[in-house]
There are 2 protein chains.
Amino acid sequence: MGGVFKALADPTRRFLLDLLFTRDGRTLTELESELEMTRFGVMKHLKVLEEANLVATQRSGREKLHFLNPVPIRQIHDRWIDKYTQSRVSALLDLKNSLERPS
Amino acid sequence: MGGVFKALADPTRRFLLDLLFTRDGRTLTELESELEMTRFGVMKHLKVLEEANLVATQRSGREKLHFLNPVPIRQIHDRWIDKYTQSRVSALLDLKNSLERPS
DNA sequence: AAGATAGGTGACCAAAAGGTCACATGTCAA
DNA sequence: TTGACATGTGACCTTTTGGTCACCTATCTT
């Protein structure tokens with residue numbers, strides 16, 4: 001469980017999740033090209049994300065495909081926000097968003 | 001924004017949030033008594049939580065009261081879980097919980 | 001006023017984390 | 001089958017982080 005929080009603590013790893021959120025199934029090399037870092041650094045970060053179960057992988061020949069797993073993030077949410085608080089907080093954030101980006 | 005993730009990365013700070021989740025408005029000394037750590041360590045952790053806006057404080061004489069703020073946690077959730085995924089994932093977790101703790 | 005109580009600051013040290021590199025294995029394609 | 005490509009490992013260094021302590025200020029109580 002603690003691995004998830006450690007994994008989310010680094011900005012590079014959050015950016016990797018952002019990349020996978022927009023499009024799944026990318027290879028290491030493809031992800032590396034989006035970052036100003038050597039392949040080895042990206043590999044370490046992906047390993048942390050994988051061990052935290054935030055990223056699932058699948059081999060395909062010499063390539064390794066990466067997929068975002070949203071479940072642990074939902075569990076973080078549920079730890080400190082009960083069902084009653086939830087509706088209040090999300091209503092507040094919806095209001096805030098609609099004020100910042102008026103449609 | 002990054003401060004929130006760093007704040008959540010440490011187990012002691014998560015435990016502090018757990019304590020405030022069960023009961024709000026505690027003082028530093030009261031929180032310290034629940035931990036195997038000196039007051040200074042706890043103070044540092046509370047400062048990190050406060051700067052991350054996960055804990056709000058209020059002075060009352062020589063005491064400082066601490067309150068849990070759930071908003072940033074909801075924002076983490078919304079970053080990687082869209083409205084469609086949300087219902088699927090939460091349904092999955094509800095099922096998992098009902099299987100683990102049959103009522 | 002004086003002791004006790006609650007909280008705060010800066011220096012300091014040990015442990016952990018982020019990043020790079022030399023080197024190595026497995027897979028594809030001509 | 002040879003070279004290019006995709007990924008993997010371990011050592012190494014620098015920076016950040018967690019924790020303690022000496023010392024300090026503010027507030028309450030008698």
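Under the rule for a salt bridge (Lys or Arg N to Asp or Glu O under 4.0 Å), the partners of B:D78 that lie at least two apart in sequence or sit in another chain are B:R74. Applying the salt bridge (Lys or Arg N to Asp or Glu O under 4.0 Å) rule to B:E51 yields no partners; only residues at least two apart in sequence or on another chain are considered. Checked against side chain to side chain donor-acceptor pair (under 3.5 Å), B:R79 has the following partners two or more places apart in sequence or in another chain: A:D18. Judged as a side chain to side chain contact (heavy atoms under 4.5 Å, CB included), and not counting sequence neighbours, the contacts of A:T27 are A:T29, A:E30, A:E63, A:L65. Under the side chain to side chain donor-acceptor pair (under 3.5 Å) criterion, A:K64 pairs with A:E50, sequence neighbours left out. Listed by chain and number, the residues in a side chain to side chain donor-acceptor pair (under 3.5 Å) with B:R59 amount to none (sequence neighbours excluded). For B:R26, the salt bridge (Lys or Arg N to Asp or Glu O under 4.0 Å) criterion is met by B:E34, not counting sequence neighbours.
The interatomic distance linking B:L49 (CG) with D:dG18 (P) rounds to 10 Å, in whole Å. Rounded to whole angstrom, the span from the CZ atom of B:R14 across to the C1' atom of D:dG18 amounts to 14 Å. Whole-Å rounding puts the B:L16 CG to D:dG18 C1' distance at 13 Å. Remark: P of D:dG18 and CD of B:E51 are 12 Å apart, rounded to the nearest angstrom. For A:E63 and D:dC5, the CD to C1' distance is 10 Å, given to the nearest whole Å. Distance B:M43 CE to D:dA22 P: 16 Å, rounded to the nearest Å.
Residue contacts for B:M37: at a heavy-atom cut-off of 4.0 Å it reaches the sugar-phosphate backbone alone, with no base atom in range.
Of the residues in residues 21-36 of chain A, those placing a heavy atom less than 4.0 Å from an atom of DNA chain D are A:T27, A:L28, A:T29, in numerical order.
Using a 4.5 Å cut-off on side-chain heavy atoms (C-beta onward), A:F15 and A:L19 make contact. Using a 4.5 Å heavy-atom threshold, the side chains of A:K6 and A:V48 count as separate. Looking only at side-chain heavy atoms (C-beta outward), B:V42 and B:L28 come within less than 4.5 Å of each other. For the pair A:L20 and A:L49, the minimum side-chain heavy-atom distance is 4.5 Å or more. A:L8 has its side chain out of reach of B:L8: every pair of non-hydrogen atoms, C-beta onward, lies at least 4.5 Å apart.
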Using a 4.0 Å heavy-atom cut-off, write out nucleotides 24-30 of chain D from 5' to 3' as B (base contacted by protein), S (sugar-phosphate only) or - (no contact). ---BS--
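A:D10 and A:T12 make their closest contact through OD2-N, 2.9 Å (heavy atoms, listed as atom of the first residue, atom of the second, distance). Here the closest heavy-atom approach between residue A:W80 and residue B:L68 is recorded as O-CD2, 4.3 Å. Scanning both residues, A:V4 and A:A52, for their nearest heavy atoms gives CG2-O, 3.5 Å.
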Taking N or O atoms only and anything under 3.5 Å, show me the protein contacts with nucleotides 10-17 of chain D, one pair per line.
| from | atom 1 | to | atom 2 | distance (Å) |
| --- | --- | --- | --- | --- |
| D:dT17 | OP1 | B:K6 | NZ | 3.3 |

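Along DNA chain C, read 5' to 3', the first and last nucleotides having any atom under 4.0 Å from a heavy atom of chain A are C:dA17 to C:dC28.
Mapped onto DNA chain C by nearest heavy atom, A:V48 and B:K47 fall at different nucleotides, with B:K47 at the one closer to the 5' end.
The closest donor-acceptor contact from the side chain of B:N69 to the backbone of B:N53 lies under 3.5 Å.
The bend of the helix from C:dA1-D:dT30 to C:dA30-D:dT1, defined by the angle between the axes of its first five and last five pairs, stands at 30° to the nearest 10°.
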